[in-house]
Amino acid sequence: MSSKPQPIVRFYTRINDQDFLGITVWQGKTDPTAEIIVAQVRRRSGDNWETVGRLALYRTREGAYSRLPDKK
């Protein structure tokens, strides 16, 4: 049985009455020494959460960063 991947670390902070900024770091899929860093602003809308903005970066083991394409 495979388990759902867990983030290395996750932080959230409230920006205002509706919005939260989240930073999550994931282990790379093809290179476990690499990291995927995701920053997103999420907004509570009724009983649901919506992503207002998102930025994802890929960090190699050598420390080189590149921006990942936006999720569709």
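Computed from a predicted model, the values in this text were never measured in an experiment.
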TODO: Please report the closest heavy-atom contact between I8 and E35, naming both atoms and the distance.
DONE: CD1-OE2, 4.1 Å
Open item on the list: Contact between T51 and V41 at the side-chain level, heavy atoms closer than 4.5 Å - yes or no?
Closed with: no
Open item on the list: Between R14 and D19, does any side-chain N to carboxylate O distance fall below 4.0 Å?
Closed with: no
- [ ] Check whether any side-chain N or O of Q27 sits under 3.5 Å from a backbone N or O of P32 as a donor-acceptor pair, and report yes or no.
- [x] yes
TODO: Start with the C-alpha distance between T13 and F11, add both sets of side-chain angles, then the distance that settles side chain to side chain contact (heavy atoms under 4.5 Å, CB included), and finish with yes or no.
DONE: CA-CA 7 Å; T13 189; F11 296 98; over 6 Å; no
- [ ] State whether the side chain of T60 and the backbone N or O of A64 hold a donor-acceptor pair below 3.5 Å, judged by distance alone.
- [x] yes
Open item on the list: Is there a continuous path of hydrophobic side-chain contacts, each under 4.5 Å between heavy atoms, that joins F20 to V9?
Closed with: no
Open item on the list: Any non-hydrogen side-chain atom of V52 less than 4.5 Å from a side-chain atom of R42?
Closed with: no
Open item on the list: Is it the case that over 12 heavy atoms from other parts of the model lie below 6.0 angstrom from the CG atom of D17?
Closed with: no
TODO: Answer whether the closest heavy-atom distance between the side chains of Q18 and R44 falls below 4.5 Å.
DONE: no
Task: Any side-chain heavy-atom pair of D70 and R54 under 4.5 Å - done: no
TODO: Under the side-chain contact (heavy atoms from CB on, under 4.5 Å) rule, collect the residues that match up with R10, sequence neighbours excluded.
DONE: P7, Y12, T24, W26
TODO: Let me know which of L55, I37, V38, I36 forms a side-chain contact (heavy atoms from CB on, under 4.5 Å) with L68.
DONE: I36
